[in-house]
2 protein chains.
Amino acid sequence: MLPEEKDTINQLTKAPIESLNLHSITVVTNLYRAAQGLRNKMEREVLAKHGLSWTSFSILYDLWIWESVETKKLALSAGVSKATISNITNTLERKELCYRKVDNRDRRITCVVLTDKGRKVMEELYPRFHEGEVEVVSSLSVEEQTLISNLLRRVIRENDF
Amino acid sequence: MLPEEKDTINQLTKAPIESLNLHSITVVTNLYRAAQGLRNKMEREVLAKHGLSWTSFSILYDLWIWESVETKKLALSAGVSKATISNITNTLERKELCYRKVDNRDRRITCVVLTDKGRKVMEELYPRFHEGEVEVVSSLSVEEQTLISNLLRRVIRENDF
DNA sequence: TTACTATCGTTTCAATGCTAACGATTATGA
DNA sequence: TCATAATCGTTAGCATTGAAACGATAGTAA
């Protein structure tokens, strides 16, 4: 929070300024802004060529690694709802990048499988995506990268994210 | 062949495992996961009561602080497109939380203004939101919070996020 | 003044995203 | 066995999101 914002908030909230935890606000603000910027950059500079969103790409990535993944696990991995996975899978299927396959042992479960075309897209796209990853955090040293990763991981674990 | 040409080709065609920067991958992965979890938690535990999304709330927050903000500045602040601001403003207007006001000096510019109802919602909502902020990063010490904020800020500044 | 250019917000259209409801399937327990 | 509960993915309905096209307005140059 900017210094000049303090007074305004103090005037408008019942909660006095002393009770506001400025450290928490700063972490949350910077965390979300960095992630938002990251996503926008990647979608604009890397993923737009193939008309993929960040979430679509992360699903394709999972499929690339694991070959075949259940819908529920995809949702958990991407941090979105099952409905979103269902919708995105429809889009990816239309582009022939993946297909659905009902599990034989438990017919409630649907697995999503990468197609050859999907694999080719990932083989071309991932190197470019990785370039972007490196670029985004290039201002930090390796030690700082390790440090921020560990801090972020603590937040993730502690909140079950 | 120039050295940088070699690198480009190497990155775009083969991209062997050895050339992957695992530190960058870890930072990006954890950064986005933490932000995603943060957003989901806030929308679920705090904002859902009032049917607000993270972006809607961040717009209301700007209006709360600045009283009246141009559409373009709202987009820049929230990290979304002007079209998104336009749509969300429609929704917020429908809920009578804000209204539009054309600038007299430059009639191309539209300012969004908080209503009394909007202010009341923020006065009730912000303390709860802040509770969530504190909770999310509560596993980190103040020193660690300062540290991660500074690292995130460097990433933000270096990328113009 | 009159063109031309730039900027701003909205609209259009398709995709993403969530909640809740639903149908199908499997597990459980009397 | 059979009724009930639990789990899974999809669907319906609506809000969010962005790229591109668009109209309106302002700035600029001849």
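Throughout, protein chains are lettered first and strands after them, A, B, ... in sequence-line order, and every chain is numbered starting at 1. All values below were derived from every heavy atom in this structure, side-chain atoms included, with hydrogens, water molecules and symmetry-related copies excluded. Just so we're clear, the structure is a prediction, and the values are computed from it rather than from any experiment.
- Between A/Lys82 and the phosphate of D/dG9, there is no side-chain N or O to OP1/OP2 separation shorter than 4.0 Å.
- Under 4.0 angstrom from either OP1 or OP2 of C/dT19 there lies no side-chain N or O belonging to B/Arg44.
- Side-chain proximity of A/Ala83 to the nucleotides C/dA27, D/dT17, C/dT19 is greatest for C/dT19.
- One interatomic measurement links the two molecules: CZ of B/Arg107 to P of D/dG27, which rounds to 13 Å at whole-angstrom precision.
- The aromatic rings of B/Trp64 and B/Tyr61 sit perpendicular, their planes meeting at an angle over 60°, well past the 30° parallel limit.
- Using a 3.5 Å distance cut-off with no hydrogens or angles, the side chains of B/Asn30 and A/Arg154 do not pair a donor with an acceptor.
- A side-chain donor from one of A/Thr84 and A/Ser81 sits under 3.5 Å from a side-chain acceptor of the other.
- When heavy atoms are screened at a 4.0 angstrom cut-off, A/Ser81 is found touching base atoms of the nucleic acid.
- Side-chain atoms of A/Asn40 lie closest to D/dG18 of the nucleotides C/dC8, D/dG18, C/dA27.
- Considering only the side chain of B/Asn87, D/dG18 comes nearest among D/dG18, C/dT25, D/dA24.
- Side-chain nitrogen and oxygen atoms of A/Arg94 include at least one within less than 4.0 Å of the OP1 or OP2 phosphate oxygen of C/dA15.
- Residue-level contact check: A/Ile85 touches neither bases nor backbone, having no heavy atom under 4.0 Å from any strand.
- Partner of A/Arg100 under the side chain to side chain donor-acceptor pair (under 3.5 Å) criterion, chosen from A/Thr71, A/Thr110, A/Asn90: A/Asn90.
- To the nearest angstrom, P of D/dG27 lies 12 Å from CZ of B/Arg105.
- Each of A/Asn104 and A/Ile88 was matched to the nucleotide of DNA chain C holding its nearest heavy atom; the match closer to the 5' end belongs to A/Ile88.
- You'll find that the side chain of A/Arg39 is closest to C/dG17, out of C/dT10, D/dG18, C/dG17.
- Out of C/dT11, C/dT26, C/dT19, the shortest distance to the side chain of A/Asp106 is found at C/dT26.
- Nearer to the 5' terminus of DNA chain D, by closest-nucleotide assignment, is the contact made by A/Lys73 (compared with the other of A/Glu43 and A/Lys73).
- In this structure, A/Arg100 reaches the D/dT10 phosphate: one of its side-chain N or O atoms is under 4.0 Å from OP1 or OP2.
- Close to C/dA15, at under 4.0 Å from its OP1 or OP2, lies no side-chain N or O of A/Ser56.
- Contact annotation: B/Thr110 does not reach the phosphate of C/dC8 (side-chain N/O to OP1 or OP2, under 4.0 Å).
- Within 6.0 Å of the NZ atom in A/Lys49, the count of heavy atoms belonging to other residues, nucleotides or ligands exceeds 12.
- Checked against C/dG9, D/dG18, C/dC18, the side chain of A/Val80 finds its nearest nucleotide in C/dC18.
- Remark: B/Thr84 is not in phosphate contact with D/dT17, judged by side-chain N or O atoms under 4.0 Å from OP1 or OP2.
- Two residues are said to be in side-chain contact when any heavy atoms from C-beta on lie closer than 4.5 Å; A/Asp62 and A/Lys73 fail this criterion.
- Checking C/dG9, D/dT17, C/dT16 against the side-chain heavy atoms of B/Ile109 singles out C/dG9 as nearest.
- Distances shorter than 4.0 Å separate none of the side-chain N or O atoms of B/Thr91 from OP1 or OP2 on D/dA15.
- Set against C/dT7, C/dT11, D/dG9, the side chain of B/Asn90 has C/dT11 as its closest nucleotide.
- In this structure, the NE2 atom of A/His50 is 19 Å from the C1' atom of D/dG18, given to the nearest Å.
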